[in-house]
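Naming convention: chains lettered A, B, ... in sequence-line order (proteins, then strands); numbering from 1 in each chain.
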There are 2 protein chains.
Amino acid sequence: MRMLLIHSDYLEYEVKGKALKKPEEIKEDQKIGKLDEVLAVFMSVEKVDEQNPDEVVDKAIKEIEDVASQVKTKNIFVYPFAHLSSELGSPEIALKILKKIEEKLKEKEYNVKRAPFGYYKAFKLSCKGHPLAELSRTIVPGEAKKEEEVPEALKKEEELVS
Amino acid sequence: MRMLLIHSDYLEYEVKGKALKKPEEIKEDQKIGKLDEVLAVFMSVEKVDEQNPDEVVDKAIKEIEDVASQVKTKNIFVYPFAHLSSELGSPEIALKILKKIEEKLKEKEYNVKRAPFGYYKAFKLSCKGHPLAELSRTIVPGEAKKEEEVPEALKKEEELVS
Ligand SMILES: [Mg+2]
């Protein structure tokens with residue numbers, strides 16, 4: 001799984017149309033959604049995640065909770081986003097994983113919204129722009145081969161601000 | 001290079017602070033920027049791009065022009081974005097590539113803004129949400145090994161809307 005975590009003043013979406021012939025079934029009130037002061041988590045479930053979906057769910061929640069505590073928010077937006085990977089998993093398993101993440105975060109008393117899967121959606125986002133406001137994470141089942149892309153990249157720049 | 005192309009009602013940014021010790025030098029008027037009715041192109045320059053930056057520039061421009069013509073806009077926002085790849089190139093070459101893309105698009109009569117490189121930035125984005133409003137592209141120098149992630153992913157879903 002690849003995740004892009006954006007600490008935002010707000011994220012809102014509006015369903016515009018089907019992107020899959022059989023997208024997730026949704027009710028009228030799921031066609032729009034908004035959260036303010038939110039950690040927006042854009043997620044691409046990958047093929048490799050199908051090897052152990054439960055483990056990927058747990059690792060994803062750990063990363064999300066870690067970032068949420070650092071940016072001090074209890075509001076989390078789970079947002080399916082196919083553009084972070086070129087090795088996407090099946091829509092069925094992707095949806096199961098995203099729903100499970102939503103459920104488990106709710107059990108942990110976060111205020112969670114999840115944007116529906118399989119639709120074209122308009123969205124508005126306002127990224128706060130502080131040093132932790134944009135982060136990305138890669139999660140894989142099995143060995144802890146988590147990559148933290150930005151710190152990795154910044155290491156190359158030896159003039160990194162300390 | 002990985003690109004995320006978002007057809008947007010607007011994209012605006014505001015520089016908040018240095019992300020590198022020596023970021024790109026900018027003037028006061030580059031600290032904020034906005035374009036309406038814009039193709040926002042978020043870009044991660046990758047290590048592999050250093051093999052042939054000129055070729056990557058040309059291929060990137062071809063992709064951007066292709067999408068811009070489909071969504072019928074002449075407004076293009078070149079936005080450095082480190083979160084699309086775990087194999088980032090050096091900041092120096094990344095900046096050169098992004099500047100060259102900006103220049104060449106301007107020569108082609110597009111209305112172009114480029115957000116500065118090496119800064120934390122707040123940004124506001126409004127994605128239009130039509131079927132071509134979110135696209136991603138991977139470009140590599142050498143053989144035409146361009147991946148079009150979303151079509152690839154959708155192929156897996158055999159119930160794809162025709
Ligand atoms: Mg603000």
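Residue-environment remark: CD1 (A:I26) exceeds the threshold of 12 foreign heavy atoms within 6.0 Å. Within a 6.0 Å radius of NZ in A:K100, other residues, nucleotides and ligands contribute 12 heavy atoms or fewer. No more than 12 heavy atoms of other residues, nucleotides or ligands lie within 6.0 Å of NZ in B:K96, so this atom counts as exposed by the packing criterion. The environment of NZ in A:K74 is crowded: more than 12 heavy-atom neighbours from other residues, nucleotides or ligands sit within 6.0 Å.
B:M3 and B:Y13 fall into different hydrophobic clusters, where Ile, Leu, Val, Met, Phe, Trp and Tyr are joined by side-chain heavy atoms under 4.5 Å apart, directly or via other members. By the criterion of side-chain heavy atoms lying less than 4.5 angstrom apart, applied directly or through intervening Ile, Leu, Val, Met, Phe, Trp or Tyr residues, A:L11 is not grouped with A:L135; the two fall into different hydrophobic clusters.
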Would A:F42 and B:H83 count as a side-chain contact (heavy atoms from CB on, under 4.5 Å) here? Give the steps.
CA-CA 11 Å; A:F42 296 88; B:H83 306 289; over 6 Å; no
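Nearest heavy atom pair, residue B:H130 against residue A:Y120, reads O-CD2, 4.2 Å. Among all heavy-atom pairs drawn from B:K16 and A:G129, the shortest one is CB-O, 3.5 Å.
Proximity to chain B (any heavy atom under 4.5 Å) is restricted, for A:L4, to the side chain, taken from C-beta onward. Contact of A:Y119 with chain B is not made at all, since no heavy-atom distance falls under 4.5 Å. For B:F81, the part lying under 4.5 angstrom from a heavy atom of chain A is the side chain only.
Highest contact tally toward chain B, considering only A:A133, A:S8, A:S44, A:C127, is held by A:C127 [criterion: heavy-atom pairs under 4.5 Å].
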